[in-house]
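Take a look at the structure set out below.
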Amino acid sequence: MAGKSNKGRNKGKPLNSNTMNASESNTPPQIGGNSSESCKGDANGVGDSSVTAAAVDGVVNREDGVNKTGPPLKKQEEGEVHLYPVTIKVQSGEKLELKLSPGDSGMDLRHLLLDVPETCFFTCYDLILHSKDGSVHQLEDYSEISETADITDGGCSIEMIAAFYDGRSIRSHVQRARELLSLSNLHLSLSTSLTLKHEKAQQKIADDARVEALELNGLGFMEDITGSLSHLATSSSEEIKCVESIVFSSFNPPPSHRRLVGDLIYLDVVIIEGNQFCITGNTQGFFVNSSTGNILDPKPAKAAYEATTLIGLLQKISSKFKKGFREVLERKATVHPFENVQPLAAANSWLGVYPVPDYGRDAARAENALVLTYGSDLSCAQRDWNEELQSCREFPHETRNERIFRDRVLYKVSCDFVEAAISGAIGVIRRCIPPINPTDPECFHMYVHNNIFFSFALDSDLGQISKDGVLETQITDNEQATYASANNDLKGTKAFQHADVPGLYNLAMAIIDYRGHRIVAQSIIPGILHGDKSDSLLYGSVDNGKKICWNESFHSKVLEAAKQLHLKEHTVLDASGNVLKLAAPVECKGIVGSDDRHYILDLMRTTARDANFDGPGSRFCVLRPELVTSFCQAEAAERSLLISRTKEDLVESHDAKDSSEEAQEKDSECPTVIESCLSAEILLNPNVFTEFKLGGDLEEIAADEACIRKASSYLKTVVLPKFAQDLCTLEISPMDGQTLTDVFHAHGINIRYLGKVAELTKHLPHIWDLCTTEIVVRSAKHIMKEVLRESEDHDLGLAISHLLNCFIGKVFPQSKTQKKDQAGDQSQHKSSKGQIRWSHRAISRKYQPSYTHLTSEDLWSHIQEFSRFKYQFDFPEDARLLVKKVYVIRNLCQKVGISIAARKYDLDAASPFQTSDILDLQPVVKHSVPICSEAMDLMDTGKARLAEGMIEEAFSLFSEAFSILHQVTGPMHREVASCCRYLAMVLYHAGNLEGAIMQQHKELIINERCLGLDHPDTAHSYGNMALFYHGLNQTELALRHMSRTLLLLGLSSGPDHPDVAATFINVAMMYLDIGKMDTALRYLQEALKRNERLLGQEHIQTAICYHALAVAFNCMGAYKLSVQHERKTYDILVKQLGKEDARTLDSENWIKKFQMREVQVNEQKSKAQTTNPTSTQKAIDFLKAFQVATEGSGSGAAANRSINSAIIGEALPRGRGFDERAARAAAEVRKKAAAKGLLVRPGLPNSTMPNLNQLLNMINTANSPDVNESKKGDTTGSTSNGNQLNTPKVNGSAEAQGEKVPVGLGSGLVSLDSKKQKPKSKCMDPKEQ
């Protein structure tokens, strides 16, 4: 088919690149493995361009290497998609062999060919399929290959035949050529670059060379978190210059006589060699014309200078272009294919590159900006979004393939709508799009652009206010209801969309927050703008219940959706007293469009009111749908329990042999009552506790109200305490404001309960800080948005920097003298220039911008007032001093869409931010893009199977879910990332580390693009990558990934979080495995200090820290210390879990093992050890080093002071598990040293100190002085396991190899049977999100 536009091909498309060659389907990838070639070819998508042609894969039913990782599965999943080789004949004459599925469509194949180097620049062609029997068929875009011919028998080929260009397709072709020549959209993740650097370094290192392990700066960077900001922001890839410029010529448009012979456009091209060409684009292709001056000469310059594509023509006229284009393709081939894909809506980055890169000339960029159409098509054609969306919803969806195809086109259309809505909303705010009602007040303006309806988010009540003389104060007072109504409307739209009732339609919807305004974008109901909305109203009310419309056909459809949403059918009264039955809120609107479709909109209250909140400002305080579902499940379980008890009572009554007639009648009635209770659904009335009049008798109304109150009470008395308990036990562990919001919503808790949760978690410092920080940021967000709404374009940077300074710094009110001096000085700071401009506008505006008068005290006073009103929360007096500045800045910038320079800030200064630090202001978007429910169900089932230990079934389910998601959404979606994470975990537990790394790398790339570089999920992705690399004994690469993990965790949550402590334990285990004992102990001690401060001394995570320390001391040979720390672990587990718990029994076995090792060592000690000054100083240094960091940390500090005391012979306090025998032994050593004139002091020369082996052995043996005297002759300096402690070889010990230390969040203690265990790393398992 001719004239295919590939504009935005990577945005939201369901088809994208694969990572592996089809011929390598049974070869597990070796990302980060010993083979650098396999790493380049698989992990990072590196390979020769000729190989890439068959490697990249964007076709439907591709599983992106899921079944190509060599999983430990004996049977493949049912319904596995089979691929068959098909020869593709390119226009240039080349032949490629691709593997396709019979279910692939022509459009799928087109998207695949866009990713193949040999065909990536072809956009306008027909696909001709030659079958085995010699018949020829044209492959239609939306028809499956199987409908045209059978490719399973082989012998089929597909030929690309050049098609004729038209005005739209030729401009799209030029745009595609520009995209191919640019590397700006190429995203290179840090993990990819680390792997490539590691491979290059390995090639340079000789086999016998020893490389010192990387020393992380994880403990030091948290003290200077602002200095780490520059490490987060990454600049775009360096461009490879292929051509000087490609611009549309000033000869455009073609004259009429040239149009009659096929000329469509003219291009001016300047090549690197310096020559300038004028190129004609006509219906058949491109050629260089003879124009040299200001007069068009349309004749071809040379016969050789013509081609069907622009790239092909440029390769003919410029050898440097040909070379540069080859380098561009090679560069794109060196990265993972996912890194070439653009997400639907890339995460807003709150940090920009600093220093700001130079801004050079770019004619193509300028041209695109000047002809910006704010979401419209290049040809200014208007897409009928509503017709596209509703037509897609009407597609058949009985079989799986039909559902996948329907979900895919729905997702694609919805993504395109959101993209166009964002562009249109920006145009509305920038006043580039005129309103359709310019005579109304600005807040009531409405806009139509690109067949999208735009309006400012306003309360529906506010819309009824007389538009004459509307006061801004009224709008400000209703801002909360405004935002809440828009959010609730979006949630209601999603709910009815998910119900998917045939014949009931929703509008496409998006909410865009930009420059303080909230814009609601919706598709347009056919005919709605050409008449009164009330004329087509069939259901609901447009005047707040005065007149309520009702239609039987419409009501039946709404009732079907209401059952899925737990909404009750009920009666209401209008102003005239008419009784009507509704199954939705009164203010909803059921409209019939000119296309005869039934649309339902204005779904602000699809769930019931929250009875815990009342008053005029709480109209839109409704329960979340997750809470309603949970409440209905709890009620059903309670009814089931009640019925079972009733049945037991019946059995007891029968046993009593009550044969009276009344008893028999009751017995006959009871089953009927039970059946009615079971069949009764739990439904909520959405119009209870509203101003609307309810029909029915008083008992029914009272029952409805009681049900709503019970649901609200369930939220307050059951859900909130359980949520707080889960936070305490780390069942859920939010890291920042976004993840906190996500877990709130997942548990059915509204954000307005933030203050309540903060009160319930006062004993958890990290959760208290997280909640209070979120309250501060959300309160400041509303104040900042109000200021941005009032600011002019030229004052935006000044306003933002001033507000940030008020928020973080110390801005005081200025005296009149200061203001006068500033107004008279034209060379003052930029803020003073802004004040001068405002003073010059005093005639037209009698007031200065509000932000110029705002001080720090004013801002924090507003924040406290807002938090008290919105969250019922009072900050402590020192809240402003305790706030974590970097984290609130990050959170606030993300919520408002601000981007600041990634430089080091002096946050203690009075004004840390300058106007030049504000780099951008981006839109923040919420949308109703549908998700694939079938894939979500498969993932939920897979999680359950994984928890049960059914690895094969879990892998099959996750693979199937990945395949569906990849077809529907493409790779750039957070649910695809989640699927990759679980696939990586399954492969990791099955021992396939190479496959796990490949899947984890995909998840990391997707998270960086879709969630952000510093999102907590991205941090955990780096952490899991580190664990997998460590499992392959690539500890240096693992530590570099851990360094990134610590940086990201520090930026998102700060140093005081249990996940940071868990990461420290993993880092320590890595250092322990490579023999760096001092570093390992330092990280372990830091983890212990954090867990004791954040979670308490008797938390299970604290016990895990003690266990990790016990294992570390065991590896060092300090068995006494191992027993001491493991006893602490055991005591905590007994108190928290009981003696019979498996983890408690494991800890008891660890104690026995350490004691057994201690006895064995004592029996083997027959010779004394001579002094080793170097190792002694090293021992004292590292045993004392981590003591400093634990001062004031409670029992942890005391325990570690005991270690130091045991070494230098100081007195030890009795009790609390300290080993007095070890202390006495150490004291005896000190006495003997003093008798010989050797003073054991930390500050004396190394030659005067005993070596580390002797000190540790004396702690272990606790022998008498005579015994110690008899052991002086041993000068081997070896420990019990035969390894030198100066350079321990932990993996050299058979016992050390078998131990796997369970130190992760939620991990238990493993069994003691190390002989049956496969050698693995001591790090925690990847955390299941």
Side-chain angles (χ1 to χ4, degrees), residues 7-8 371-392 413-460 462-464 467 470 475 482 485-486 489-490 493 505-515 517-537 542 589-604 789 923 925-929:
K7 176 178 180 287
V371 298
L372 182 64
T373 57
Y374 296 102
S376 295
D377 190 81
L378 282 173
S379 60
C380 296
Q382 300 289 311
R383 289 182 66 175
D384 191 342
W385 299 106
N386 185 75
E387 182 61 30
E388 288 187 36
L389 190 67
Q390 312 313 338
S391 298
C392 292
V413 172
S414 300
C415 291
D416 290 346
F417 170 82
V418 172
E419 183 181 3
I422 294 172
S423 299
I426 293 175
V428 167
I429 300 301
R430 292 178 179 176
R431 300 181 181 88
C432 297
I433 299 174
I436 60 176
N437 55 338
T439 59
D440 290 339
E442 186 175 357
C443 60
F444 294 109
H445 279 177
M446 295 176 287
Y447 307 81
V448 175
H449 179 74
N450 195 16
N451 274 333
I452 301 176
F453 180 79
F454 298 94
S455 62
F456 292 100
L458 291 174
D459 185 12
S460 58
L462 191 62
Q464 304 303 318
K467 297 181 181 180
V470 175
I475 299 171
T482 299
S485 61
D489 194 7
L490 182 62
T493 299
Y505 299 90
N506 304 106
L507 302 179
M509 183 177 180
I511 297 176
I512 300 98
D513 290 326
Y514 183 62
R515 284 182 53 173
H517 297 276
R518 171 159 288 191
I519 297 290
V520 178
Q522 294 174 306
S523 58
I524 301 175
I525 298 177
I528 195 66
L529 296 178
H530 304 292
D532 188 1
K533 183 164 55 176
S534 60
D535 295 340
S536 56
L537 185 68
V542 295
K589 297 166 185 62
I591 297 176
V592 58
S594 60
D595 56 355
D596 292 329
R597 292 190 179 105
H598 288 178
Y599 297 89
I600 187 167
L601 59 153
D602 288 352
L603 302 168
M604 277 83 74
R789 282 195 297 271
V925 185
K926 300 178 183 178
H927 52 72
S928 60
V929 175

Side chains of [X] and [Y] in contact at under 4.5 Å (non-hydrogen atoms):
X: I426; Y: Y514; result: yes
X: D595; Y: Y599; result: yes
X: I525; Y: L601; result: yes
X: V542; Y: K589; result: yes

Under the side-chain hydrogen bond (donor to acceptor under 3.5 Å, both in side chains) rule, what do Y505 and N386 come out as? Steps first, then yes or no, please. CA-CA 10 Å; Y505 299 90; N386 185 75; over 6 Å; no
For [X], give me all partners under side-chain hydrogen bond (donor to acceptor under 3.5 Å, both in side chains), at least two apart in sequence or on another chain.
X: E388; value: R383
X: S391; value: E387
X: H517; value: none
X: D489; value: none

Angle class for the Y447/F456 ring planes (parallel below 30°, perpendicular above 60°, tilted otherwise)? perpendicular
Any idea which heavy atoms bring [X] and [Y] closest together, and the distance?
X: G424; Y: I433; answer: O-CD1, 3.5 Å
X: A421; Y: A521; answer: CB-CB, 3.7 Å
X: D596; Y: V592; answer: CA-CG2, 4.0 Å
X: I519; Y: A425; answer: CG2-CB, 4.0 Å

Rounded to the nearest 0.5 Å, what's the gap from [atom1] on [X] to [atom2] on [Y]? Could you check?
X: L507; Y: S928; atom1: CG; atom2: OG; result: 9.0 Å
X: D416; Y: L389; atom1: CG; atom2: CG; result: 11.0 Å
X: R789; Y: C443; atom1: CZ; atom2: SG; result: 11.0 Å
X: H449; Y: C432; atom1: NE2; atom2: SG; result: 9.5 Å
X: L490; Y: I511; atom1: CG; atom2: CD1; result: 4.5 Å
X: F417; Y: H927; atom1: CZ; atom2: NE2; result: 11.5 Å

With no hydrogens and no angle check, is any side-chain donor or acceptor of [X] less than 3.5 Å from a backbone partner on [Y]?
X: N437; Y: M446; answer: yes
X: Q390; Y: N506; answer: yes
X: S523; Y: W385; answer: no

Sequence-distant partners of H445, ring-ring contact (aromatic ring centres under 6.0 Å, His included), two or more places apart: none
Taking salt bridge (Lys or Arg N to Asp or Glu O under 4.0 Å) as the test, write out the residues that go with D384, two or more places apart. none
